[in-house]
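Here's the structure we're looking at; comments come further down.
We number each residue from 1, following the sequence as shown.
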Amino acid sequence: MNNIDFFKVQDYLYEGIPEGVRVFLFIVNRNAGKTYSNCRECLKVVEKGGEFIYMRRNIKNQLEKTKDKLFASIPDCPITCDGYEYYYKDKETGIKRRCGYAVALSSITRGMEYPNVKYVFFDEFTTKGNERYLNKEFEQFALFLESVIRLRDDCVVVMCGNAGNFYNPYTIGWQISLSKNQKRWTGKNGRIRYYKLYNESVATARSESLIGQLFEGTAYDEWAGKNVDTENTHTNIKQKSAKARYYASIRYDGLTFTFWIDGNSIITSFSTGENRAVYTLDKENISEGEYYFHRQSNQIQRIRFYAQRGLLYYESQKVKSLFMPVLAYILRY
């Protein structure tokens, strides 16, 4: 079996971390056994009398397709799914007890209590392709996690996903940053860790397989086989010059993007600009002096014109990644 138990790779998981609530974000190359390892951890928790939560982002195209088959990789597993709850069957007595919950972040039931949950497994927390993050997803996840943990100090949260775009609601929310070739990050209080795990044996086996040879040298192979964030391209990255002049701002999902005319291009930035020509995509929270985003605006039309001609630039990869949903709105008109 080529899968790995990524919880034991170089003592990543609990090394030097204080007792209590801990959050781990894993970016794992495909076929590395993340589901198997997490299910085994869930089983250990259940056998000690605790409960777990299996989480996906959406209910229809994600949770409903995976919740019933979650423990299929463990032979003769005593845990089964019934609706949106998991049950453990004691092998000696045959008695079943509830031991877990299947939860979609997009459809959280308010007021639920989870006093016995010791383990939260958020599967595929990163997006890929046309999938989108939820509006204010980090805040939604934080509210849910607080409702689960309350004031307890006995829960482990494991979030697993594939490479794609490093910048997402969680790396932004927790202010996670990596330097070139850096694979690990630990928060100031030691309770949050980000790991980009790469299993050489799995990657080698895949490269030698038929599927690996079919896609060798492609962007797909970089993502699926080498765990590279292929969505973080460096095209249209440019710093604005001292001659750049403020043009407009767009506020979206708690972020403010400013636009600067710089020669024959427009630079997108997080720099503070003048408080004029400020547009927002938030219909319910338009502040005084702001305008709701609309196609008739001269500023929006000009930004679209520059974007269509490859003359819209970004001060950093982070700005570019976070601006992509807004650019989709702009080009849609």
Side-chain angles (χ1 to χ4, degrees), residues 25 27 57 105-106 122 124-142 159 161-180 182 185 187 192 194 196 223 228-240 244 246-260 262 265-273 277-287 290-293 297 299-300 302-304 306-308 310-333:
L25 296 84
I27 304 299
R57 176 170 292 101
L105 184 58
S106 62
F122 189 171
E124 306 294 356
F125 81 95
T126 54
T127 65
K128 179 65 177 172
N130 294 325
E131 185 188 353
R132 293 287 178 261
Y133 292 101
L134 306 177
N135 184 37
K136 299 187 182 302
E137 179 164 326
F138 184 77
E139 288 79 3
Q140 291 191 50
F141 179 72
M159 305 166 64
N162 297 313
N165 190 336
F166 171 77
Y167 299 102
N168 59 63
Y170 303 97
T171 56
I172 298 300
W174 274 308
Q175 299 180 7
I176 298 172
S177 59
L178 299 179
S179 58
K180 187 177 181 180
Q182 183 182 350
W185 176 93
I192 301 171
Y194 176 98
K196 194 168 186 180
W223 170 73
V228 174
D229 290 316
T230 52
E231 293 184 15
N232 292 146
T233 60
H234 294 281
T235 56
N236 286 57
I237 305 295
K238 185 169 73 172
Q239 298 294 310
K240 65 180 185 293
Y246 173 80
Y247 184 61
S249 299
I250 296 179
R251 186 168 62 83
Y252 169 75
D253 200 18
L255 301 170
T256 299
F257 299 93
T258 55
F259 301 87
W260 305 76
D262 195 357
S265 61
I266 290 181
I267 311 294
T268 314
S269 174
F270 283 144
S271 302
T272 302
V278 179
Y279 297 88
T280 179
L281 277 75
D282 188 350
K283 294 180 180 179
E284 299 177 357
N285 295 288
I286 299 179
S287 302
E290 293 183 343
Y291 305 93
Y292 180 63
F293 182 96
S297 161
Q299 285 87 357
I300 300 301
R302 189 171 186 179
I303 293 171
R304 181 171 66 253
Y306 276 64
Q308 289 173 333
L311 298 174
L312 181 64
Y313 291 85
Y314 311 91
E315 276 201 321
S316 68
Q317 179 62 59
K318 180 178 179 179
V319 173
K320 180 180 179 180
S321 298
L322 296 176
F323 186 68
M324 287 301 101
V326 183
L327 183 61
Y329 278 104
I330 292 174
L331 297 179
R332 193 175 301 161
Y333 288 114

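Under the 4.0 Å criterion applied to side-chain N and carboxylate O atoms, Glu137 and Arg57 are assigned as salt-bridge partners.
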Inset, instruction - Could you go through the side chain to side chain contact (heavy atoms under 4.5 Å, CB included) check for Phe323 and Leu255 one step at a time? - result: CA-CA 9 Å; Phe323 186 68; Leu255 301 170; over 6 Å; no
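Contact record, Gln140 with Asn135: NE2-O, 2.7 Å, taken as the closest heavy-atom pair. Closest non-hydrogen pair, Ile330 versus Ile300, comes out as CG2-O, 4.3 Å. Closest heavy-atom contact between Leu327 and Ala307: CD1-CB, 3.9 Å. Contact detail for Pro325 and Tyr252: the closest heavy-atom pair is CB-OH, 3.6 Å. What you find for Trp174 and Phe141 is that their closest heavy atoms are CH2-CE2, 3.9 Å. Minimum heavy-atom separation, Glu315 to Phe270: OE1-N, 4.5 Å.
The aromatic rings of Trp260 and Tyr246 stand perpendicular to each other, their planes meeting at an angle above 60°, with 30° marking the opposite boundary.
You'll find the side chain of Leu311 stays beyond 4.5 Å of the side chain of Ile266, heavy atoms only. Leu25 has its side chain out of reach of Trp185: every pair of non-hydrogen atoms, C-beta onward, lies at least 4.5 Å apart. Looking at Phe166 and Tyr194, their side chains come closer than 4.5 Å, going by heavy atoms from C-beta outward. Contact check for Ser271 versus Lys240: side-chain heavy atoms found under the 4.5 Å cut-off.
One N or O on the side chain of Asn168 and one on the backbone of Thr171 form a donor-acceptor pair closer than 3.5 Å. The closest donor-acceptor contact from the side chain of Ser249 to the backbone of Thr258 lies at 3.5 Å or more, if one exists at all. Side chain of Thr268 to backbone of Phe259: no donor-acceptor contact under 3.5 angstrom is found. Using modelled atom types, one side-chain atom of Thr126 and one backbone atom of Asn162 make a donor-acceptor pair closer than 3.5 Å. Here the side chain of Asn236 pairs a donor or acceptor atom with the backbone of Leu312 at under 3.5 angstrom. Tyr279 places no side-chain N or O within 3.5 Å of a backbone atom of Arg251 that could act as its donor or acceptor partner.
Annotation for Gln182: atom CD counts as buried by contact number, over 12 foreign heavy atoms lying within 6.0 Å.
A distance of 12.0 Å separates CE in Met159 from CD in Glu124, rounded to the nearest 0.5 Å. Of the inter-residue distances, the one linking Ile250 atom CD1 with Gln299 atom CD reads 9.5 Å to the nearest 0.5 angstrom. Residue Lys238 holds its NZ atom at 13.5 Å from OG of Ser269, rounded to the nearest 0.5 Å.
Figure legend: cation-pi geometry between Lys318 and Tyr167 absent, as NZ or CZ is not positioned both under 6.0 Å from the six-membered ring centre and within 45° of its axis.
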